[in-house]
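The structure appears right after this line, and notes come after that.
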Amino acid sequence: MPIVTVVMTRHAEMQSLLAAIADAIASVLELGPGGVIARAMNASPGVGSGITDTNSQPEWPIITIHGEGRGLEVISAARSAASSAFVHWAAENGFVYEGVWSEWTAPQPKV
């Protein structure tokens with residue numbers, strides 16, 4: 001079961017974003033209801049190197065999919081689906097952002 005974390009500043013429609021991302025990934029992975037869990041982690045405003053005006057920093061949401069290896073093609077499709085779901089949600093909700101970062105992280109071997 002993949003678990004997704006979305007790191008960005010708090011938004012009133014966060015639950016609809018999480019549902020859209022979870023549904024998009026579940027569709028790619030052919031998982032049923034509850035097959036993907038998505039959680040938000042609220043981030044403080046960003047600070048850029050050499051920039052003192054923190055109000056001018058663009059939003060860069062980070063979507064991390066935590067799951068077992070499923071092959072590069074499937075992983076790429078899941079990442080793309082998550083990013084596309086975010087872009088669609090942002091357009092519907094007037095959310096301004098610079099870009100969105102998505103990644104797939106597999107469990108690390110036990111040491």
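Residue pairs satisfying the side-chain hydrogen bond (donor to acceptor under 3.5 Å, both in side chains) criterion with at least one member in residues 93-102, sequence neighbours excluded, are listed as follows: S83-S102.
Every side-chain contact (heavy atoms from CB on, under 4.5 Å) that S80 has, sequence neighbours left out, goes to S84. The side-chain hydrogen bond (donor to acceptor under 3.5 Å, both in side chains) test applied to Q15 returns no partner, not counting sequence neighbours.
Residues R79 and W104 share a closest heavy-atom pair of CD-N, 3.8 Å. The shortest heavy-atom contact between M14 and R10 is CE-CA, 4.4 Å. Listed here is the closest heavy atom pair of P2 and I65: CB-CG2, 4.1 Å. When every heavy atom of A85 is checked against every heavy atom of A20, the shortest pair comes out as CB-O, 3.8 Å. Between V100 and I63, the shortest heavy-atom distance links the atoms CG2-CD1, 3.8 Å. Residues R70 and I75 share a closest heavy-atom pair of N-CD1, 3.9 Å.
Linking Ile, Leu, Val, Met, Phe, Trp and Tyr whenever their side-chain heavy atoms come within less than 4.5 Å puts M41 and I62 in one cluster.
Separation of atoms OG1 (T5) and CD1 (I37) is listed at 13.0 Å; rounding is to 0.5 Å. The CD1 atom of I21 sits 9.5 Å away from atom OG of S16, with the distance rounded to the nearest 0.5 Å.
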(message) Please evaluate residues E13 and E92 with respect to the criterion side chain to side chain contact (heavy atoms under 4.5 Å, CB included), reporting the C-alpha separation (whole Å), side-chain torsions for both, the decisive distance (0.1 Å), and the verdict.
(response) CA-CA 10 Å; E13 293 299 320; E92 285 185 343; over 6 Å; no
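Here the side chains of N42 and T9 are not in contact, with every heavy-atom distance at 4.5 Å or above. Contact check for L31 versus M1: no side-chain heavy atoms found under the 4.5 Å cut-off. Between W60 and V7 there is no side-chain heavy-atom pair separated by less than 4.5 Å. Side-chain atoms of E59 and V96, non-hydrogen and from C-beta on, never get closer than 4.5 Å to each other. In this structure, V6 and V4 have side chains that are in contact, with non-hydrogen atoms separated by less than 4.5 Å.
Note: W89 and F95 have tilted aromatic rings, judged against thresholds of 30 and 60 degrees for the angle between ring planes.
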